[in-house]
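To start, the structure under review is shown below, and the notes come after it.
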Amino acid sequence: MTQIKSGDTVKLHYTGSLNDGTVFDSSEGREPLEFTVGAGHVIVGLDKALPGMEVGEKKTVEIPADEAYGPYMDDARQEVPRSQIPPTIELQDGMMLQMQMPSGQSVPVTVASVTEETVVLDANHRLAGKDLTFAIEIVSIS
């Protein structure tokens with residue numbers, strides 16, 4: 001049987017969950033996830049778990065935060081005056097926005113809190129600082 005190695009294109013089904021069992025993403029009911037192993041298309045911990053696996057093989061992988069979305073960084077939170085957000089946007093905690101950086105790059109941010117005067121925007125990935133568990137099943141290797 002063919003075993004996965006770096007550079008192979010794989011298709012896999014997965015369910016990603018947190019330590020408390022909360023599922024944050026799954027390919028259930030969708031096409032399997034397809035990517036090239038070792039090309040940086042998925043989080044490092046998942047990439048590292050695949051070599052040696054075969055088609056049909058199932059595995060549960062625990063991935064520490066530093067091999068997933070990295071640590072939670074307090075300096076990625078920014079308080080801005082409410083007046084800097086267009087008044088047509090009805091801000092709510094947890095809502096996703098795009099913030100334009102001085103370089104022109106667009107960065108996704110989450111509204112962490114809103115008051116009459118200020119808005120706290122968080123540029124951390126929603127899974128930053130969290131250890132993740134993935135249940136995976138290899139569908140194909142090419």
Looking only at atom types and distance, does a side-chain atom of R30 sit under 3.5 Å from a main-chain N or O of S26, one as donor and one as acceptor?
yes
Salt bridge present between R82 and E116 (N-O < 4.0 angstrom): no
Hydrophobic cluster membership, with links at side-chain heavy-atom distances under 4.5 Å among I/L/V/M/F/W/Y: are V44 and V61 in one? no
Practice problem: Kindly assign one of parallel, tilted or perpendicular to the pair Y14 and F134, based on the angle between their ring planes and the thresholds 30° and 60°. | Solution: tilted
Taken to the nearest 0.5 Å, the spacing of T9 OG1 from I141 CD1 works out to 11.0 Å
Would you say that L97 contacts L91 through its side chain, given a criterion of any heavy-atom pair below 4.5 Å between the two side chains? yes
Quiz item: Is T2 close to V55 at the side-chain level, that is, under 4.5 Å between some pair of heavy atoms?
Solution: no
Smallest heavy-atom separation, S17 atom then F24 atom, equals N-CE2, 3.3 Å
Distance col, row D122:CG vs E79:CD, nearest 0.5 angstrom, shows 13.0 Å
Closest non-hydrogen atoms of A65 and G129, given as atom of the first, atom of the second and distance, are CB-C, 3.7 Å
Note: M96 and P108 closest approach over all heavy atoms is CE-CB, 4.2 Å
Taking every heavy atom of D131 against every heavy atom of P64, the minimum-distance pair comes out as OD1-CA, 3.3 Å
- When you look at NZ of K59, are more than 12 heavy atoms from neighbouring residues, nucleotides or ligands closer to it than 6.0 Å? yes
Test side chain to side chain contact (heavy atoms under 4.5 Å, CB included), reference V80, set V119, T118, V109, output is V119
Check the pair V120 / V111 against side-chain contact (heavy atoms from CB on, under 4.5 Å), numbers first and verdict last.
CA-CA 6 Å; V120 176; V111 175; over 6 Å; no
The reported gap from CD1 in I43 to CG in L132 (rounded to nearest 0.5 angstrom) is 5.5 Å
The residue among V139, V42, I4 that forms side chain to side chain contact (heavy atoms under 4.5 Å, CB included) with V10 is I4
Output for pair (R77 CZ, S113 OG), nearest 0.5 Å, gives 6.5 Å
Report task. Could you check L33 against S27 for side-chain contact (heavy atoms from CB on, under 4.5 Å), going step by step and ending with a plain yes or no? Result -> CA-CA 7 Å; L33 177 63; S27 64; 5.6 Å; no
Quick check on Q100: does its CD atom have over 12 non-hydrogen neighbours (other residues, nucleotides or ligands) under 6.0 Å away? yes
### Message
Is the distance between the ring centroids of F35 and H41 under 6.0 Å?
### Response
no
May I ask you to test the M99-L121 pair for a side-chain heavy-atom distance under 4.5 Å?
-> yes
### Message
Taking the side chain as everything from C-beta on, heavy atoms only, tell me whether T133 gets closer than 4.5 Å to I63.
### Response
no
| said: With a 4.5 Å cut-off on side-chain heavy atoms, are R126 and T110 touching? | reply: no
Is it true that D20 and K130 have a side-chain N and a carboxylate O under 4.0 angstrom from each other?
no
CD of E67 to CG of D47, rounded to nearest 0.5 Å, is 10.5 Å
Would you indicate whether M101, at its atom CE, is surrounded by more than 12 heavy atoms from other residues, nucleotides or ligands within a distance under 6.0 Å? no
**Prompt:** Is the number of heavy atoms from other residues, nucleotides or ligands within 6.0 Å of CD (Q98) greater than 12?
**Reply:** yes
In short, S6 meets G38 closest at the heavy-atom pair OG-CA, 4.0 Å
- Query: Counting heavy atoms not belonging to E54, are there more than 12 under 6.0 Å from its CD?
  - Reply: yes
> Hey, does the side chain of N124 reach the backbone of A76 with a donor-acceptor pair shorter than 3.5 angstrom?
Replying inline: no
Under a 4.5 Å side-chain heavy-atom rule over Ile, Leu, Val, Met, Phe, Trp and Tyr, are V107 and Y72 clustered together?
no
Taken to the nearest 0.5 Å, the spacing of D8 CG from L50 CG works out to 10.0 Å
* To do: Evaluate the side-chain proximity of L18 to L127: yes if any heavy-atom separation is below 4.5 Å, no if none is.
  => yes
Residue pair L12 / P32, side-chain heavy-atom distance below 4.5 Å:
no
